[in-house]
Protein chains: 2
Amino acid sequence: MPTIKDVSKLAGVSVATVSRYLNKNGYVSKEAAETIAEVIEKLNYRPNNIARSLAGMKTATIGLMVPDILNPFFPELARSIEDAANEYGYTVMLCNTDNDSAKEQKYIDTLIQKQVDGIIISSYTIKPEHLTGLQKQSIPVVLMDNVFSSDSIVSLTVENRQGGELAVQHLLEQGCSKIAHICGPLSITSSRDRTAGFEHACRGTDWFTPSLIGYSDFTVKGGYTAMMDLLALHPNLDGVFASNDLMAAGALKALQETDHKVPQDVKVIGFDGIGLEMLNPELSTIAQPIYKLGKTAMDSLIGLIRKESDIMTDQVFPVTLHAKQSTMN
Amino acid sequence: MPTIKDVSKLAGVSVATVSRYLNKNGYVSKEAAETIAEVIEKLNYRPNNIARSLAGMKTATIGLMVPDILNPFFPELARSIEDAANEYGYTVMLCNTDNDSAKEQKYIDTLIQKQVDGIIISSYTIKPEHLTGLQKQSIPVVLMDNVFSSDSIVSLTVENRQGGELAVQHLLEQGCSKIAHICGPLSITSSRDRTAGFEHACRGTDWFTPSLIGYSDFTVKGGYTAMMDLLALHPNLDGVFASNDLMAAGALKALQETDHKVPQDVKVIGFDGIGLEMLNPELSTIAQPIYKLGKTAMDSLIGLIRKESDIMTDQVFPVTLHAKQSTMN
DNA sequence: ATACGGTGTGTAATCGGTTTCATATAATTT
DNA sequence: AAATTATATGAAACCGATTACACACCGTAT
């Protein structure tokens, strides 16, 4: 493995000149540049990133913390972030936290030690005080789905509340007259907001009662169970809004197993917009702009890393209704 | 951020001693150890990983290349690998290659430059010559789902052929008398093997004809289309074996849309064993031991990194039938 | 003719660790 | 008592880059 010294020797210049050539800063004459280029080609020289990092430059690596890579939402997010990272020449370290605060802390420590240039955190559980270590190292952070204001921390969210309202509105438009809701963990801000949207949209209707809300956990199984419970309480419900697509899928399954036809008898809508194309009927959903979220997260992180000043610290993205078979007449 | 020098000064010993203490090699007296420990605690010192790596130690980072993180199989694999990596104190760099050979090459270059200690590659497209760069740097590689013998390259696969046979056998046992097959890309070894298993198991039966095999691409949509085509050719088929679960899910959807009852009219079985619990009926499958595959991949990689000599270069794992509703009477 | 700013280059310090080697002392052997 | 051996430590080289600084050269404005 040739080093910069080998290149400098063979090119008959100093390492400083080679370094300047590599980084395109400082002056390098045309002739020197050409010779260096040839030698690099000949030796198939590649600068050692580790040494580069140590010498004060950045690691060109970012950390990505997600709560659950098995939830299809996060691979989609990861993919968009990775794509964007690649464009900037960055590599992504994947950290699956399992919604476990201790694991989260451990990962943050690791990422600090590995000197990543920035971190994108998607977490339900994280709190401002967990980020003090990062702030001490002034490692930029972009937070997804979890807002708390701070200068060096950018937050990205979607209009969860409006999404909840949108879902109900759509179900009403499709003729539903008794809509149940399967909500996610109440510890999660975005989950609470979606439910708030649901409640707000239901306020004032004559059919609404709190027992139309089932409490669940963002999983297929949880959605299934919640739906079964709701059906027992309200056999005549004709619409369901689940706070994420996985629970909606579970609800769909429960409905089908209990011989409710979807969408004829009951209409179902989820939230997230992950592509669960294998479902029959396909699931209507309030879609998050996942790809754009990832891309923006990376863009903002790069902005923070480069200390650009025009980074919006709190960005809220709109959601859109994707009407599919599960709510169509 | 304190350095080893700060520690050594405050502890009144040399950096060498601190380093020995940190790495638990060489002699360090009890007293020195205690003092150092105190100082480290007091300063909240953490060794700089970059510097460590440069000084010749390893980066404690591995690369994981997967063809498509959106296919649920790979998040599952990634998770098991990450879990195992964590146990060994390693971090994982995620590389999504999109089945794109160029992207693959670029990632390999990047990983070499970042001096990862090893790479786990799950790829359909990779060829031995693509790994020469890695071998030149003697970076250990564990290959999944793609065997080509070599000393420094460990391959992990599953019994794809037997799996194919197992699937047919199961469908026959459940009373099927005309079984179709949706096969995956023929460029993929494991895909070909599954199909070979299918063909072998069908050989000699009076109903088998080559047109019972539909050619597809491992996606839900592909499975859906292939199923539709097969139904047009063979309206009376009563069993389907798809070479992966996503295609099986697509097939299921196609069958349901064309008013075939699963499992009563047609039985469906997939391959992989990803948890598509949202399907109704739930999908029978020939399950790969995904978690174990990931764990073993990591174990083997660590073995290679540590230059242990007892690493099996080619490991083939058994698959198991997971019978669910989609094939039960 | 002198001074100055723009080019171009090399020397050497630096980043924060690991490790070789020399040296010193204490504990065992012979 | 002398010779080993085990224990303990520090000085300094090294890993492979970046970069501050000094210096040299050239053209041009004063």
Side-chain angles (χ1 to χ4, degrees), chain A residues 1-37 39-40 43-61 89 109-110 112-117 137-139, chain B residues 1-37 39-40 43-61 89 109-110 112-117 137-139:
Chain A
M1 185 108 257
T3 73
I4 198 172
K5 260 190 196 158
D6 301 324
V7 175
S8 81
K9 245 175 239 161
L10 216 68
V13 297
S14 74
V15 292
T17 304
V18 179
S19 177
R20 277 188 290 260
Y21 168 82
L22 289 170
N23 298 292
K24 301 184 204 310
N25 61 15
Y27 297 110
V28 177
S29 67
K30 265 239 145 57
E31 304 91 69
E34 274 169 26
T35 325
I36 293 171
V39 172
I40 285 179
L43 295 182
N44 190 27
Y45 164 78
R46 297 273 171 278
N48 179 325
N49 258 292
I50 306 284
R52 267 187 153 163
S53 303
L54 182 58
M57 292 199 26
K58 301 314 194 97
T59 52
T61 303
D109 271 7
T110 305
I112 290 178
Q113 248 176 94
K114 299 224 169 182
Q115 317 223 153
V116 294
D117 295 341
Q137 313 289 326
S138 52
I139 294 178
Chain B
M1 185 107 261
T3 72
I4 199 173
K5 262 189 196 160
D6 302 323
V7 176
S8 80
K9 247 174 236 162
L10 216 68
V13 298
S14 72
V15 291
T17 304
V18 179
S19 176
R20 276 189 291 260
Y21 168 83
L22 289 170
N23 299 291
K24 301 184 204 309
N25 59 15
Y27 296 111
V28 177
S29 68
K30 264 239 148 57
E31 305 91 69
E34 275 169 27
T35 325
I36 293 172
V39 173
I40 285 179
L43 295 181
N44 190 27
Y45 165 77
R46 297 272 172 278
N48 179 326
N49 259 296
I50 305 284
R52 269 189 150 161
S53 303
L54 182 58
M57 295 203 19
K58 300 316 195 93
T59 52
T61 303
D109 271 8
T110 305
I112 291 179
Q113 246 176 98
K114 300 225 168 181
Q115 317 220 161
V116 295
D117 296 341
Q137 312 289 324
S138 50
I139 295 178

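Every chain is numbered from 1, with letters handed out A, B, ... down the list of sequences.
- Within the 4.0 angstrom heavy-atom criterion, no nucleotide atom of any strand lies near B:Tyr21.
- A sub-4.0 Å separation between OP1 or OP2 of D:dA8 and a side-chain N or O of B:Tyr27 is absent.
- The base of D:dG10 is paired with the side chain of B:Arg20 by a donor and an acceptor separated by under 3.5 Å.
- Atom CD1 of A:Ile4 is separated from atom P of D:dC15 by 14 Å (rounded to the nearest Å).
- Comparing D:dA17, C:dG16, C:dT18 by their closest approach to the side chain of B:Ala51 singles out C:dG16.
- Using a 4.0 Å heavy-atom distance criterion, B:Val13 is classed as a sugar-phosphate-only contact.
- B:Asn49 comes within 4.0 angstrom of no nucleic acid atom, judged by non-hydrogen atoms across all strands.
- A donor-acceptor contact under 3.5 angstrom links the side chains of A:Lys114 and B:Thr61, judged on distance only.
- Between B:Gln115 and B:Thr17, the residue anchored nearer the 5' end of DNA chain D, judged by the nucleotide with its closest heavy atom, is B:Thr17.
- The nearest whole Å value for the distance from the CG atom in A:Asn48 to the C1' atom in D:dT18 is 13 Å.
- When the C1' atom of D:dT19 is taken as reference, atom NZ of A:Lys58 falls 16 Å away, rounded to whole Å.
- Summarising the geometry, the separation between CZ on B:Arg52 and P on D:dG16 is reported as 19 Å, rounded to the nearest angstrom.
- Between A:Thr3 and D:dG16 there is no side-chain N or O to OP1 or OP2 distance below 4.0 Å.
- Atom pair B:Leu54:CG and C:dG16:P shows a separation of 12 Å (rounding to whole Å applied).
- Among A:Leu22, A:Thr35, A:Val18, the one residue that satisfies the side-chain contact (heavy atoms from CB on, under 4.5 Å) test with A:Val7 is A:Val18.
- Within 4.0 Å of B:Ser29, counting heavy atoms only, lie sugar-phosphate atoms of the nucleic acid but no base atom.
- Each of A:Val28 and B:Arg46 lies near DNA chain C, and the nucleotide nearest A:Val28 is the one positioned closer to the 5' end.
- Applying the 4.0 Å criterion to OP1 and OP2 of C:dT18, one finds that B:Asn23 has a side-chain N or O inside that range.
- Of the possible polar contacts, one joining the B:Asp117 side chain to the B:Ala60 backbone as a donor-acceptor pair under 3.5 Å is found.
- Taking every side-chain heavy atom of A:Ala55 into account, D:dG16 is the closest of D:dG10, C:dT18, D:dG16.
- In this structure, the side chain of A:Asn23 does not engage the main chain of A:Asn25 through any donor-acceptor pair within 3.5 Å.
- At least one donor-acceptor pair closer than 3.5 Å links the side chain of B:Ser53 to the backbone N or O of B:Asn49.
- Between B:Lys5 atom NZ and C:dA13 atom P the separation is 13 Å, expressed in whole Å.
- The CG-P distance, from A:Asn25 to C:dG6, rounds to 17 Å in whole Å.
- What separates CD1 of B:Ile50 from C1' of D:dA17 is a distance of 12 Å, to the nearest Å.
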